Amino acid sequence: KKALGIVLETEGKSPLGLRLTGIGLSASGDNSYFVPEKALRENSGLKSAVFALLTDRETEKIVHDGKHARIALAREGIDFVCDFDTMLAAYLLDPSKARYDLESLIFENLGAELRGSEDAGRRASFLLPLKEVLGEKLKNQEMERLFKDVEMPLSTVLADMEMAGIRVDPDKLQKLSAEFGEKLERLTGEIYELAGMEFNINSPKQLGEVLFEKLSLPVVKKKKSGYSTDAEVLEKLKGAHPIVEKILEYRFLMKMKSTYADGLLSLVDRDTLKVYSNFNQTITATGRISSTEPNLQNIPVKTDIGKKIRGVFVAEKPDHVLLSGDYSQIELRVLAHLSGDEKLIEAFVKGEDIHARTASEVFGIPQEKVTSQLRDRAKAVNFGIIYGISDYGLAQNLGITTGEAREYIESYLNRYPKVRDYIRETINRAKLNGYVTTIFNRRRYIPDINSRNYNLRSFAERVAMNTPIQGSAADIIKVAMVKIYNHFKEMGLKAKMLIQVHDELIFDVPQDELEVVKSIVKSDMETAVPLKVPLVVDFKVGKSWEEIS
DNA sequence: GCATGATGCTT
DNA sequence: GCGGAGCATCATGCT
């Protein structure tokens, strides 16, 4: 196979406004070419030759940011899939870096310094040598399969998700915004009345002065720059003055209006009535995907008002529905797998209520006698284990003393001894190697693990134990996404993957495809990676995201 | 216009 | 002094 480095010049924002303005090509060493926009706009022989090259099976296509390239070329009618994405390779080699721009990679790996004026052809000439260096490193670190079989194909899946977009109902959003706005106006007046003055409620500084100086409320917590006024503080002050509850409600409604109602409205495409999120593959240190503009991974779900926001996301057409498939307790199942703890494995094999089972174990009572309060505490302990437990954090979360929290943790680790072993071994591995890994050998460096600073070291230890769990769960859902995408394509289905929210996938599905799509998604998600425990996926179907939450 | 802190939303 | 991983908004202070 002949290798070809490709650098696209583009203008505009992805995916709708993205325009191709030039192509740099380099087949080997010093030979590089630049195809300007003018040549791409006319039906020249050059243009068809270049476009043919971009889909040539016999050419190994090397690109920096293949997802972006796929989106840019889709507008030109090209179904572009690259063979080696240097951005993804660099991300796997060190997922904690702030940026993965081509210029830095060329400097770091090849020692060449590019001046700003270099054209796309010249930049393309570095892609082949860069690929050699990064590819060799991936091979040495046993990440070739993660790269070739997971991340590379996933970038195609994500590109198509970004281009698909998600349909919203702007009228519904507009009404919610107005409703929030009216309530906020009323609250603003009431807060000014109770404060005896007007001030900017959105300013933590001014709010702190009103609460703790003018109204003399007790100071619960301080921040670097003064009083803390966060929700945790306000909850404690609830009984002290009627203004506190009003402020809590104001904060909540302001969040709903500014971030969700108005924020979302500003991103709706007026022609398609869709939002086109960016699913970023090289941001998180653990291997998760992130989402921006809009962030579709933090749409409210916990409150009734929040759920109304989800109600604005709808299926694309009248005869389509939204389908969600979400992994049940994937991180605890990954922990059961990684630790090999017999009792934890048994709980999942038997299909038990895992939090109730934990409560039974930790508090030493039969499962039938577990109250909802004890179950909630056990649930917090389970989260604590996943996030890298600290007695302080658990105590904070449950409103108990650190001593009690320490007892809960000890009890848990005594009941699940191999989880204790697993945590100890993981931290030791981090200290020895300087990094931890996931089931697919994804790697994260933990530089502070041997720090003499207790805080830094403790944080690093929590990161060391959390990353293999969160990262392995990310590996699993990524594999599932690639499988599902390929199966949809093979079967010529119209169903489209729209959103990934860490342990959940959302699809737009024509009604008449629902049953076949559901069975594909179920088997691909549940058999994505064989673990020592079963993977269980729950499904919901509805016309809006609210209905499937 | 840009960076940072405080805050709050998700999994 | 602090639970893991993110992103968006507003206020504020700086260039």
Side-chain angles (χ1 to χ4, degrees), chain A residues 95-96 199-208 221-234 247-248 250-264 266-267 277-280 282-303 305-307 309-310 326-332 334-335 380-398 402 405 409 436 444 446 453-471 473-474 477 499-504 545 549:
Chain A
S96 300
F199 64 102
N200 187 346
I201 307 167
N202 292 328
S203 162
K205 186 166 172 285
Q206 294 182 39
L207 179 61
K221 188 165 62 170
K222 286 193 165 183
K223 277 278 152 65
K224 289 170 191 170
S225 53
Y227 316 108
S228 170
T229 67
D230 66 21
E232 193 193 321
V233 168
L234 297 180
I247 289 164
L248 278 166
Y250 177 95
R251 280 255 176 89
F252 171 73
L253 285 167
M254 183 55 95
K255 180 80 178 181
M256 292 299 123
K257 178 168 161 60
S258 62
T259 301
Y260 297 108
D262 297 345
L264 224 36
S266 74
L267 294 170
S277 181
N278 176 39
F279 291 100
N280 203 310
T282 59
I283 291 289
T284 74
T286 56
R288 276 187 174 181
I289 289 163
S290 83
S291 160
T292 58
E293 283 181 294
N295 179 357
L296 294 177
Q297 295 177 324
N298 75 340
I299 303 299
V301 69
K302 286 178 180 169
T303 62
I305 290 174
K307 288 192 178 89
I309 300 284
R310 290 201 166 203
D326 71 294
Y327 281 113
S328 165
Q329 305 293 350
I330 190 169
E331 290 185 330
L332 284 174
V334 166
L335 175 62
V381 172
N382 276 330
F383 271 100
I385 295 291
I386 289 168
Y387 292 158
I389 197 81
S390 79
D391 46 15
Y392 180 91
L394 182 63
Q396 194 76 14
N397 195 282
L398 286 176
T402 54
I409 296 166
V436 292
R444 179 182 183 179
I446 318 278
N453 178 322
Y454 176 81
N455 285 329
L456 280 182
R457 190 174 65 250
S458 297
F459 185 71
E461 287 174 356
R462 290 198 289 276
V463 165
M465 55 181 125
N466 168 261
T467 296
I469 299 170
Q470 189 183 117
I477 196 167
I499 307 173
Q500 188 250 46
V501 195
H502 310 310
D503 65 355
E504 175 186 21
W545 196 355
S549 297

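From a predicted model like this one, the values you see are computed outputs, not experimental measurements. Labels below follow one simple rule: chain letters A, B, ... track the order of the sequence lines, proteins then strands, and each chain is numbered from 1.
- When only modelled atom types and interatomic distance are considered, Arg251(A) and Thr229(A) share a side-chain donor-acceptor pair under 3.5 Å.
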With B for base contact, S for sugar-phosphate-only contact and - for none (protein heavy atoms under 4.0 Å), nucleotides 1-11 of chain B reads -----SSBBSB
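- At least one donor-acceptor pair under 3.5 Å links the side chain of Gln206(A) to the backbone N or O of Asn200(A).
- Within 4.0 Å of Ala395(A), counting heavy atoms only, lies no atom of the nucleic acid at all.
- When both pairing distances are held under 3.5 Å, dC2(B) makes a Watson-Crick or G-U pair with dG13(C).
- In this structure, Lys222(A) places its NZ atom where only 12 or fewer heavy-atom neighbours from other residues, nucleotides or ligands lie under 6.0 Å away.
- Between dG4(C) and dA3(B), the distance separating the two C1' atoms is 26 Å to the nearest Å.
- Where Asn455(A) and Asn466(A) meet DNA chain C, the nucleotide closest to each residue was compared, and Asn455(A) sits on the side nearer the 5' end.
- Here Ser390(A) lies in heavy-atom contact (under 4.0 Å) with a base.
- Backbone-only engagement by Ser291(A) is indicated by non-hydrogen atom pairs under 4.0 Å involving sugar-phosphate atoms exclusively.
- Gly384(A) comes within contact range of at least one nucleobase, with a heavy-atom separation under 4.0 Å.
- Nucleic acid contact class of Gln396(A) (heavy atoms, under 4.0 Å, all strands): none.
- Among the protein residues, Ile386(A) comes within range of no part of the nucleic acid, since none of its heavy atoms lies under 4.0 Å from any strand.
- Using a 4.0 Å heavy-atom distance criterion, Arg457(A) is classed as making no nucleic acid contact.
- Around atom NZ of Lys205(A), no more than 12 heavy atoms belonging to other residues, nucleotides or ligands sit under 6.0 Å away.
- In summary, contact between chain A and DNA chain C, defined as any nucleotide atom under 4.0 Å from a heavy atom of the protein, begins and ends at dG1(C) to dT12(C) in the 5' to 3' direction.
- Remark: the Gln297(A) side chain and the Ser291(A) side chain contain no N/O donor-acceptor pair separated by less than 3.5 Å.
- A donor-acceptor pair is defined here as one N or O able to donate and one able to accept, closer than 3.5 Å; no such pair exists between the side chain of Arg462(A) and the backbone of Tyr387(A).
- Evaluation of the side-chain hydrogen bond (donor to acceptor under 3.5 Å, both in side chains) rule for Ser390(A) yields no partner, not counting sequence neighbours.
- Counting only distance, with no hydrogens or angles, the side chain of Asn280(A) and the backbone of Ser290(A) share no donor-acceptor pair below 3.5 Å.
- Counting non-hydrogen atoms under 4.0 angstrom, Ile283(A) reaches the backbone sugars and phosphates but no base.
- A donor-acceptor pair under 3.5 Å is absent between the side-chain atoms of Thr286(A) and the main chain of Gly471(A), judged by distance alone.
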